[in-house]
Amino acid sequence: MSDAVDPWLVVGLGNPGPEYAANRHNVGFMVADLLAERMGGRFKAHKARAQVVEGRVGPPGPGSRRVVVAKPLSFMNLSGGPTTALRDFYKVPVANIVAIHDELDIDYGALRLKLGGGDNGHNGLKSITKSLGAEYHRVRFGIGRPPGRMQVADFVLKDFSSAERRELDYFVDRAADAVETLIVDGLERAQSSYNT
């Protein structure tokens with residue numbers, strides 16, 4: 001069980017490198033970038049093979065929470081290593097870890113927040129669960145299913161379509177709001193506000 005002084009670790013999932021930056025699979029990085037910007041921080045290299053920003057989320061005073069936002073520099077399917085190293089370094093309870101990731105089984109832009117559960121074939125979650133167990137929070141960002149006969153692996157490693165990009169900033173902003181609400185007000189409040 002965590003208490004109000006324990007830090008939070010928010011891990012945006014994605015693949016490092018400019019060629020992946022706009023891929024559907026990298027929406028976790030996009031949300032992490034916005035959270036870092038809101039906290040007024042810049043990502044710095046960390047020995048845990050990740051980029052991190054440390055700051056606070058929530059109203060000034062006793063209601064604010066210490067937060068580390070991270071982007072693992074391993075590839076997606078190895079996210080568990082950096083996440084575990086950061087948990088150990090910052091002494092974060094597993095219940096205070098939030099993974100932000102793309103989700104095929106939810107319509108584009110829809111959000112679902114939950115604690116624990118399976119990995120639904122997502123290699124980033126699979127890696128984190130193998131390292132930490134399943135009892136961490138997930139912010140699932142819907143990207144929808146691939147059209148026609150397109151392979152899932154091809155779909156997630158493609159950039160968002162021009163039609164999707166028109167709304168992407170709004171959906172990323174909403175996902176960042178959901179993460180902040182989860183940290184400050186708890187899972188139930190965040191679910192009732194943002195689950196679609």
Side-chain angles (χ1 to χ4, degrees), residues 7-46 48 50-60 63-74 76 79 82-83 86 90 92 96-103 106-114 122 124-125 128 136-144 156-187 189-191 193-196:
W8 284 76
L9 173 60
V10 177
V11 182
L13 296 185
N15 287 310
E19 68 273 33
Y20 298 106
N23 288 180
R24 292 182 178 94
H25 222 19
N26 271 43
V27 75
F29 275 17
M30 296 172 197
V31 177
D33 286 339
L34 180 57
L35 287 166
E37 190 182 306
R38 288 181 179 187
M39 293 186 333
R42 281 188 128 76
F43 280 101
K44 295 181 176 69
H46 191 280
Q51 291 183 319
V52 300
V53 171
E54 297 178 52
R56 297 193 84 80
V57 164
S64 81
R65 301 281 180 264
R66 196 157 69 90
V67 177
V68 178
V69 176
K71 297 192 295 186
L73 294 177
S74 61
M76 176 74 84
S79 301
T83 303
L86 291 167
Y90 289 104
V92 179
N96 279 22
I97 295 174
V98 183
I100 311 165
H101 65 93
D102 57 305
E103 178 62 64
I106 304 175
D107 290 341
Y108 172 62
L111 292 177
R112 299 261 168 73
L113 286 80
K114 68 177 192 168
H122 193 288
L125 295 183
I128 293 172
Y136 56 92
H137 289 89
R138 298 100 191 276
V139 174
R140 303 158 71 203
F141 187 112
I143 60 169
V156 299
L157 293 176
K158 280 206 177 342
D159 291 357
F160 285 101
S161 69
S162 55
E164 287 169 335
R165 280 198 300 273
R166 283 198 283 277
E167 295 180 297
L168 184 59
D169 286 348
Y170 167 76
F171 289 139
V172 167
D173 195 64
R174 197 164 175 276
D177 290 347
V179 172
E180 291 178 347
T181 302
L182 166 63
I183 291 169
V184 175
D185 298 322
L187 180 60
R189 174 76 61 86
Q191 285 174 324
S193 300
Y194 295 100
N195 275 12
T196 44

Run the side chain to side chain contact (heavy atoms under 4.5 Å, CB included) check on Val67 and Ile183 step by step: do they pass?
CA-CA 9 Å; Val67 177; Ile183 291 169; 4.0 Å; yes
In Å, rounded to the nearest 0.5 Å, how long is the span from CG of Leu111 to CG of Asp177?
9.5 Å
One should read off an interatomic distance between Phe29 CZ and Gln51 CD, to the nearest 0.5 angstrom, of 7.5 Å
Mind listing the closest non-hydrogen atom pair of Leu113 and Ala178 along with its distance?
CD2-O, 3.9 Å
Taking Arg165 for its side chain and Phe160 for its backbone only, find out whether a donor-acceptor pair lies under 3.5 Å.
yes
Partners of Arg174 by salt bridge (Lys or Arg N to Asp or Glu O under 4.0 Å), sequence neighbours excluded?
none
Hey, can you tell me if His122 and His25 have their rings parallel, tilted or perpendicular (30° and 60° cut-offs)?
tilted
Parallel, tilted or perpendicular: which describes the rings of His46 and Tyr90, with under 30° parallel and over 60° perpendicular?
tilted
Using a 4.5 Å cut-off on heavy atoms from C-beta on, say whether the side chain of His137 contacts that of Lys114.
no
State which residue, out of Asp169, Val69, Val172, fulfils the side-chain contact (heavy atoms from CB on, under 4.5 Å) condition with Leu34.
Val172
When you look at Arg56 and Arg65, which way does the side chain to side chain contact (heavy atoms under 4.5 Å, CB included) test go after all the steps?
CA-CA 5 Å; Arg56 297 193 84 80; Arg65 301 281 180 264; 5.9 Å; no
List the residues meeting side chain to side chain donor-acceptor pair (under 3.5 Å) with Asn26, not counting sequence neighbours, and say none if there are none.
none
I need the minimum non-hydrogen distance between Ala70 and Leu9, along with the two atoms involved.
CB-CD1, 4.1 Å
Which atom of Tyr136 lies closest to which atom of Ile97, heavy atoms considered
CB-O, 3.6 Å
Could you go through residues 12-22 and list every donor-acceptor pair under 3.5 Å that involves a side-chain atom there, pairing it with any protein atom two or more places apart or in another chain?
from: Asn15; atom 1: OD1; to: Met76; atom 2: N; distance (Å): 2.8

Are side-chain heavy atoms of Pro82 and Val11 found at a separation under 4.5 Å?
no
For residues Met30 and Leu168, determine if any side-chain heavy atom of one lies less than 4.5 Å from a side-chain heavy atom of the other.
yes
A side-chain contact here means heavy atoms from C-beta on lying under 4.5 Å apart; do Val68 and Val92 qualify?
no
Gap separating the CD atom of Glu180 from the CG atom of Asp185, nearest 0.5 angstrom:
10.5 Å
Would you name the heavy atoms of Gly41 and Val53 that are closest together and state the gap between them?
CA-CG1, 3.7 Å
If you measure from OH on Tyr194 to OG1 on Thr181, what distance do you get to the nearest 0.5 Å?
3.5 Å
CZ of Arg112 to CG of Asp107: how many Å apart, nearest 0.5 Å?
8.0 Å
Leu35 vs Ile100, side chain to side chain contact (heavy atoms under 4.5 Å, CB included): CA-CA, chis, key distance, verdict
CA-CA 11 Å; Leu35 287 166; Ile100 311 165; 4.1 Å; yes
Which heavy atom of Asp159 sits nearest to which heavy atom of Arg24, and what is that distance?
O-NH1, 3.6 Å
Output for pair (Asp102 CG, Ile143 CD1), nearest 0.5 Å, gives 4.5 Å
Salt-bridge contact Lys71-Asp33 (side-chain N to carboxylate O under 4.0 Å):
yes
Could you list the residues that satisfy salt bridge (Lys or Arg N to Asp or Glu O under 4.0 Å) with Glu54, not counting sequence neighbours?
none
Residues in salt bridge (Lys or Arg N to Asp or Glu O under 4.0 Å) contact with Arg138, at least two apart in sequence or another chain
none
Under the salt bridge (Lys or Arg N to Asp or Glu O under 4.0 Å) test, residues paired with Asp173 that sit two or more places apart:
Arg38
Heavy-atom donor-acceptor pair, Tyr108 side chain to Glu164 backbone, under 3.5 Å:
yes
